[in-house]
Amino acid sequence: MFFPNFTQPQQMMDAWKKAVESSVTRMEGMAEQVTSVQESAHTRANEGVDEAAKLMKDSLAYQQQLGAEWRKAWFDSVKQSMNMFSGA
């Protein structure tokens, strides 16, 4: 006989049903793992965006601070130059 382990069609259907259920269970487990990986990636992407935004804000604040210090140094040097020429 072609299927010597199966004496009745019901046994073959039971074996097929077990195989399908096992496959579905493994697929559900895989789907849970994919969901977990996607959630982790989403969380890390959000953290990366937040860090990039923080870095940009800090860079802009530093640029503003440098600009203010440069203007102060420039005005101080202009004042010293004017004092040298005016003899004060």
Side-chain angles (χ1 to χ4, degrees):
M1 176 168 238
F2 189 74
F3 296 106
N5 296 335
F6 301 113
T7 57
Q8 295 180 352
Q10 183 63 34
Q11 288 177 325
M12 192 168 90
M13 290 301 290
D14 287 342
W16 182 80
K17 183 178 176 184
K18 287 179 185 177
V20 169
E21 287 173 351
S22 173
S23 178
V24 168
T25 301
R26 286 193 305 271
M27 292 292 286
E28 286 173 343
M30 184 181 73
E32 289 173 6
Q33 290 177 353
V34 167
T35 299
S36 174
V37 168
Q38 285 178 335
E39 288 174 354
S40 175
H42 187 263
T43 300
R44 289 184 182 178
N46 275 334
E47 290 172 356
V49 168
D50 290 343
E51 280 297 314
K54 182 182 178 296
L55 180 61
M56 285 299 291
K57 287 180 181 181
D58 290 346
S59 296
L60 289 172
Y62 184 65
Q63 178 186 12
Q64 187 177 17
Q65 179 186 357
L66 286 179
E69 290 177 8
W70 182 85
R71 284 189 302 276
K72 182 183 179 300
W74 182 72
F75 283 125
D76 289 344
S77 67
V78 168
K79 286 179 186 177
Q80 287 178 357
S81 297
M82 294 306 274
N83 288 338
M84 287 175 55
F85 288 116
S86 65

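Only this structure's heavy atoms are used, side chains among them; waters, hydrogens and symmetry mates stay out.
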Do side-chain atoms of [X] reach the backbone of [Y] as a donor and acceptor pair under 3.5 angstrom?
{"X": "Ser81", "Y": "Ser77", "answer": "yes"}
{"X": "Ser22", "Y": "Lys18", "answer": "no"}
{"X": "Ser40", "Y": "Ser36", "answer": "no"}

Problem set entry | Pairwise side-chain contact, Thr35 with Glu39, heavy-atom cut-off 4.5 Å (strictly under) |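 The answer is yes; the side chains approach within 4.5 Å.
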Problem set entry | Residue pairs passing the salt bridge (charged side-chain N to carboxylate O under 4.0 Å, His left out) test where at least one lies in residues 56-67, sequence neighbours excluded |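 Listed by first then second residue: Lys54-Asp58.
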Atom pair [atom1]/[atom2] of [X] and [Y] - distance to nearest 0.5 Å:
{"X": "Leu60", "Y": "Leu55", "atom1": "CG", "atom2": "CG", "value": "9.5 Å"}
{"X": "Glu21", "Y": "Glu28", "atom1": "CD", "atom2": "CD", "value": "10.5 Å"}
{"X": "Thr43", "Y": "Gln38", "atom1": "OG1", "atom2": "CD", "value": "11.5 Å"}

Exercise. To which residues is Val20 joined in a hydrophobic cluster, defined by side-chain heavy-atom contacts under 4.5 Å among Ile, Leu, Val, Met, Phe, Trp and Tyr, whether direct or through other members?
Worked result: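 Besides Val20, the hydrophobic cluster comprises Trp16, Val24, listed by chain and residue number.
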Exercise. Which ILVMFWY residues are connected to Leu66, directly or by a chain of links, through side-chain heavy atoms under 4.5 Å apart?
Worked result: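 Tyr62, listed by chain and number.
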Problem set entry | Heavy-atom neighbours of Gln64 CD exceed 12 at 6.0 Å |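 12 or below, so no.
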